[in-house]
Number of protein chains: 2
Amino acid sequence: MTQIDVEQPDTLARKIYDGLCREITSGKLKPGTVLSRRKIAAAYGTSYVPVIEAMVRLEGTGLIETESSQMARVCRVTLESIQHTYVLREAFETQAIRLACEHATPQEIEELYQMAEDVQASVPQPETAADRQASEEGLRVHWLFHRRIAEISRCPLLVQELERAELHQRLRANWIYVPEMAEPPRQHAMLVDAIKAADVEAADAVMRAHVRLGLEKELHHYRLQSTRRQD
Amino acid sequence: MTQIDVEQPDTLARKIYDGLCREITSGKLKPGTVLSRRKIAAAYGTSYVPVIEAMVRLEGTGLIETESSQMARVCRVTLESIQHTYVLREAFETQAIRLACEHATPQEIEELYQMAEDVQASVPQPETAADRQASEEGLRVHWLFHRRIAEISRCPLLVQELERAELHQRLRANWIYVPEMAEPPRQHAMLVDAIKAADVEAADAVMRAHVRLGLEKELHHYRLQSTRRQD
DNA sequence: GTGATACTGATGATATATCAGCGTGTCAAG
DNA sequence: CTTGACACGCTGATATATCATCAGTATCAC
């Protein structure tokens with residue numbers, strides 16, 4: 001999306017990948033939906049050779065899964081899958097903030113404080129709670145903040161991996177509604193505080209707690225809604 | 001390789017992927033080598049449709065890179081690429097040992113102690129130093145140990161990511177000779193000690209130091225040999 | 001009526017063919 | 001000797017065709 005530096009060859013395979021990616025992360029394609037290469041090719045008006053590349057890429061991203069040489073399906077959401085992606089996210093984000101402590105310039109720190117405020121401001125007010133639109137905007141701003149930390153770590157691989165985690169979260173967010181409960185104030189500003197203090201261990205601890213809080217929140221609502229999701 | 005649980009459909013794309021993977025990690029294909037899909041198809045006696053899938057997979061694994069719609073090449077080894085893969089490895093391994101602290105059974109801890117001894121034993125004796133064969137065996141045992149920790153973390157995604165890191169290391173190991181210097185004794189046993197004590201923070205610290213030591217060693221020899229590698 | 005067999009349609013895997021882009025070499029004109 | 005243009009070959013991207021497999025269904029024999 002914001003990959004300005006990466007050349008995007010205007011290839012059909014790329015378009016199909018982007019299209020499927022959007023369809024999955026936007027909730028148009030439900031987890032568990034089977035994906036026929038031929039039907040996708042027909043839907044996009046292409047032959048299905050480009051579809052092969054797109055699907056393999058999607059599998060690498062982790063948005064689809066193919067079990068035992070059968071048809072591919074949109075990744076299903078289970079308690080384990082949620083936990084496991086948070087394990088990875090915790091690994092990435094703590095590592096990112098550790099490096100950010102070492103590399104962040106004063107200007108970047110100021111920028112992060114501004115973004116932290118934006119995140120805080122995007123927490124829906126009571127009247128807009130349960131507003132899907134506001135929730136999505138909040139999610140977007142939230143990821144922007146975390147992504148910026150990864151960028152400041154100066155490790156492109158971390159950014160890339162974090163993006164994958166974001167895609168997963170977006171996939172789930174369409175089926176697990178996690179209301180943005182009023183967070184303790186300065187939740188994110190505290191992360192920037194730690195970076196500013198360049199206290200690596202403290203930053204790690206704060207970020208770890210932050211990610212785990214997110215996991216607990218999502219798991220809580222997943223359990224609440226999993227009974228109703230028996231369709 | 002040891003993916004017993006994962007079904008390996010006997011497909012040509014899979015064979016090409018495995019073949020290329022082996023050629024790259026064994027050093028038969030030099031970093032920077034350009035890979036023509038048609039030539040690969042010819043070499044494997046297939047059409048090049050299966051090659052597409054294999055190459056996209058390899059790109060996902062990070063063993064090959066395609067810059068700006070040009071031909072794909074075997075990933076080149078640079079100072080940055082080494083550092084970045086170690087950043088990821090540090091993230092994975094510290095996360096893995098943290099979870100291992102929580103999940104390891106007494107039996108698994110015993111097993112790890114045994115493997116740690118094997119690693120220690122595989123450190124080449126002075127007379128076999130600079131022995132390529134012994135070095136490879138040492139590397140193998142070493143990764144077996146780390147991989148086991150990841151397995152004990154009960155998070156398959158961590159194992160998977162660690163495997164990618166291992167592939168990268170194997171790719172580099174053919175071009176950067178890192179002699180197994182005599183390590184401080186109980187280097188790896190200390191990791192198991194931390195797991196046994198279930199001291200998450202200590203385990204994290206020990207593992208982080210262990211990985212960074214590996215990075216320093218590899219960077220040191222990379223710098224030593226980089227002048228000679230101007231061919 | 002029941003069970004087995006054959007047919008049908010969909011799928012993924014693969015092969016072959018076509019197209020456009022890009023570099024390179026060669027040959028002719030200046 | 002330089003320079004420019006054209007042709008050839010290689011590349012990746014894509015389309016189309018063929019194959020085996022498998023599931024579902026219908027049909028036929030008993």
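Per chain, numbering begins at 1; letters A, B, ... match sequence-line order. Remember, predicted model here, so these are calculated numbers, not experimental data. What's counted below: heavy atoms across the whole structure, side chains too, no hydrogens, waters or symmetry copies.
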Enquirer: Quick test of your reading of the model: are A/E216 and A/R223 salt-bridged, counting only N-O distances below 4.0 Å?
Expert: no
Enquirer: Classify the angle between the aromatic ring planes of B/H210 and B/H146 as parallel (below 30°), tilted (30 to 60°) or perpendicular (above 60°).
Expert: parallel
Enquirer: Between N or O atoms, less than 3.5 Å apart, protein on one side and nucleotides 16-19 of chain D on the other: list the pairs.
Expert:
unit_1, atom_1, unit_2, atom_2, d
D/dT18, O4, A/R38, NH2, 3.4

Enquirer: When you check the gap from the basic side-chain N to the acidic O, do A/E166 and A/R170 get nearer than 4.0 Å?
Expert: yes
Enquirer: Can you work out whether B/S36 or A/A13 has the more 5'-proximal nearest nucleotide on DNA chain D?
Expert: B/S36
Enquirer: In whole Å, what is the span from the OH atom of A/Y44 to the P atom of D/dA15?
Expert: 14 Å
Enquirer: Using whole Å, report how far CE of A/M71 lies from C1' of D/dT21.
Expert: 14 Å
Enquirer: Measure from the side-chain heavy atoms of B/R37 and tell me the nearest of D/dG12, C/dT11, C/dT14.
Expert: D/dG12
Enquirer: Which residues satisfy the salt bridge (charged side-chain N to carboxylate O under 4.0 Å, His left out) test with A/R208, sequence neighbours excluded?
Expert: A/E90, A/D204, B/D204
Enquirer: Please list every donor-acceptor pair under 3.5 Å in which a side-chain atom of residues 38-51 of chain B meets a protein atom from a residue at least two apart or in another chain.
Expert:
unit_1, atom_1, unit_2, atom_2, d
B/Y44, OH, B/L20, N, 3.4
B/Y44, OH, B/E23, OE2, 2.8
B/S47, OG, B/V49, N, 3.4

Enquirer: Starting at atom CZ of A/R14, determine the distance to atom P of D/dG12, rounded to an integer number of angstrom.
Expert: 17 Å
Enquirer: In this structure, how many angstroms lie between the P atom of C/dA15 and the CD atom of B/E53, rounded?
Expert: 12 Å
Enquirer: Could you state the atom-to-atom distance from CG of B/D10 to P of D/dA20 in whole Å?
Expert: 16 Å
Enquirer: What is the distance from NZ of A/K15 to P of D/dT14, rounded to the nearest Å?
Expert: 9 Å
Enquirer: Going by an N to O cut-off under 4.0 Å, is there a salt bridge joining A/R57 and A/E53?
Expert: yes
Enquirer: Tell me whether B/E161 is salt-bridged to A/R164, with the criterion being a basic N under 4.0 Å from an acidic carboxylate O.
Expert: yes
Enquirer: Over how many whole Å does the gap from B/I16 atom CD1 to C/dA13 atom C1' extend?
Expert: 11 Å
Enquirer: Any side-chain N or O of B/K39 below 4.0 angstrom from OP1/OP2 of D/dT11?
Expert: yes
Enquirer: Measure CD1/B/I52 against P/C/dA15 and give the value in whole Å, please.
Expert: 12 Å
